[in-house]
Amino acid sequence: MAASANPNEPAWQFGFMAALTPSAREAVLQLGRRRTYATGESVFYEGDPSVFAVVVLAGRLKVSSTSEDGHDTVLAFRGPGDLIGELSLFDGSPRPATVAAVEPAEVVLITADRFTELVRTRPEIAEVLLRTVVGKLRDADRQRLEFGAYDTTGRVARRLVQLADEHGVPGSTATGGVRITLPLSQTELAGWTGSSREAVARALALLRRRRLITTHRRSIVVLDVDALRSQAG
């Protein structure tokens with residue numbers, strides 16, 4: 001996690017903003033306007049014109065796409081410090097996915113002209129942007145490979161390990177383990193693992209029987225992260 005030079009800034013956790021220098025982060029934030037979103041509110045929709053980039057300040061957002069048959073696929077979850085929607089700004093293509101808040105969120109919206117000018121005039125920001133884009137493409141390739149290499153239980157276990165690593169806090173004194181703070185429904189987990197909701201429910205039940213996790217409504221505690229990592233292959 002990158003520390004912030006400004007006590008009024010978030011403690012950047014992820015991606016693009018965490019990798020920038022304090023002066024570069026300030027330059028990025030000065031270009032945009034702040035906006036808040038309630039839980040479930042969309043920042044933009046798949047097919048919308050690409051007119052701004054999004055820097056996440058607080059809260060977490062879901063990136064998803066809908067197929068022609070209406071199936072909703074979760075592509076990623078993004079949190080404080082992440083940059084969203086930057087790729088389409090460079091070629092003017094429509095938004096390839098919908099982005100919505102899964103909890104109350106605050107973002108900075110930067111118009112396409114300002115963002116592209118910033119990247120053109122600040123080489124250090126352009127370098128971080130390139131690394132960020134490459135990382136996203138690598139993650140997307142890995143996710144596609146997982147769909148063919150693992151069964152539903154393996155894919156669910158891998159996503160839970162990722163969530164524990166990125167969105168985990170110590171569990172209660174009674175349960176221990178790592179509590180996943182991202183409010184995730186079984187339907188969303190199904191969309192993220194390329195599975196049906198019923199298959200995900202069976203996978204979670206199996207992981208509970210193996211005493212690797214406990215579950216409640218939109219709440220999961222990983223009791224043994226290392227054992228779950230082994231389950232994930």
- Task: Apply side chain to side chain contact (heavy atoms under 4.5 Å, CB included) to the pair Arg179 and Thr181, showing each step before the final yes or no.
- Result: CA-CA 6 Å; Arg179 180 173 61 84; Thr181 61; 4.0 Å; yes

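- Counting non-hydrogen atoms of neighbouring residues, nucleotides and ligands closer than 6.0 angstrom, the CZ atom of Phe90 exceeds 12 such neighbours.
- In this structure the side chain of Leu20 reaches within 4.5 angstrom of the side chain of Val28, judged on heavy atoms.
- A chain of hydrophobic side-chain contacts below 4.5 Å, direct or via other Ile, Leu, Val, Met, Phe, Trp or Tyr residues, connects Ile110 to Val119.
- In this structure, the side chains of Val43 and Phe52 come closer than 4.5 Å at one or more pairs of heavy atoms.
- For Tyr37, there are no ring-ring contact (aromatic ring centres under 6.0 Å, His included) partners at least two apart in sequence or on another chain.
- A search for side chain to side chain donor-acceptor pair (under 3.5 Å) contacts involving Thr73 returns nothing, not counting sequence neighbours.
- Put simply, the side chain of Ser42 never gets that close to the backbone of Tyr45: no donor and acceptor are under 3.5 Å apart.
- Shown here are the side chain to side chain contact (heavy atoms under 4.5 Å, CB included) partners of Ala140, two or more places apart in sequence or in another chain: Arg144.
- At least one side-chain heavy atom of Leu57 sits under 4.5 Å from a side-chain heavy atom of Val108.
- Grouped by direct or indirect side-chain proximity (heavy atoms under 4.5 Å, Ile/Leu/Val/Met/Phe/Trp/Tyr only), Leu206 sits alone.
- At a threshold of 4.0 Å, the pair Arg114-Glu117 does not count as salt-bridged, since none of the basic side-chain nitrogens sits closer than that to a carboxylate oxygen.
- With contacts defined as side-chain heavy-atom distances shorter than 4.5 Å, the pair Leu182/Val102 qualifies.
- A salt bridge between Glu188 and Lys62 is present, with a side-chain N of the basic residue lying under 4.0 Å from a carboxylate O of the acidic one.
- Judged by distance alone, the side chain of Arg155 and the main-chain N or O of Thr193 form a donor-acceptor pair under 3.5 Å.
- For the pairing with Leu223, the side-chain contact (heavy atoms from CB on, under 4.5 Å) check across Thr214, Leu228, Leu212 returns one residue only, Thr214.
- Within the 4.5 Å cutoff, the side chain of Val128 has heavy atoms near those of the Phe16 side chain.
- For residues 189-214, the set of pairs meeting the salt bridge (Lys or Arg N to Asp or Glu O under 4.0 Å) definition, not counting sequence neighbours, is empty.
- Arg95 has no carboxylate O lying under 4.0 Å from a charged side-chain N of Glu46, or vice versa, which leaves the two without a salt bridge.
- Environment of CZ in Arg122: crowded, with over 12 heavy atoms of neighbouring residues, nucleotides or ligands closer than 6.0 Å.
- With Glu103 contributing its side chain and Arg60 its backbone, the two residues share a donor-acceptor pair below 3.5 Å.
- The aromatic rings of Trp192 and Phe77 sit perpendicular to each other, their planes meeting at more than 60°, with 30° as the lower class boundary.
- With contacts defined as side-chain heavy-atom distances shorter than 4.5 Å, the pair Ile180/Val221 does not qualify.
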- Message: side chain to side chain contact (heavy atoms under 4.5 Å, CB included), that's the test. Do Val169 and Val178 meet it? Break it down for me.
- Response: CA-CA 5 Å; Val169 299; Val178 177; over 6 Å; no

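- The pair Asp139-Arg142 meets the salt-bridge criterion, with a side-chain N (NZ, NE, NH1 or NH2) lying under 4.0 Å from an Asp/Glu carboxylate O.
- For Val133, the side chain to side chain contact (heavy atoms under 4.5 Å, CB included) test picks out Glu86, Leu87, Leu129, Leu137, with sequence neighbours left out.
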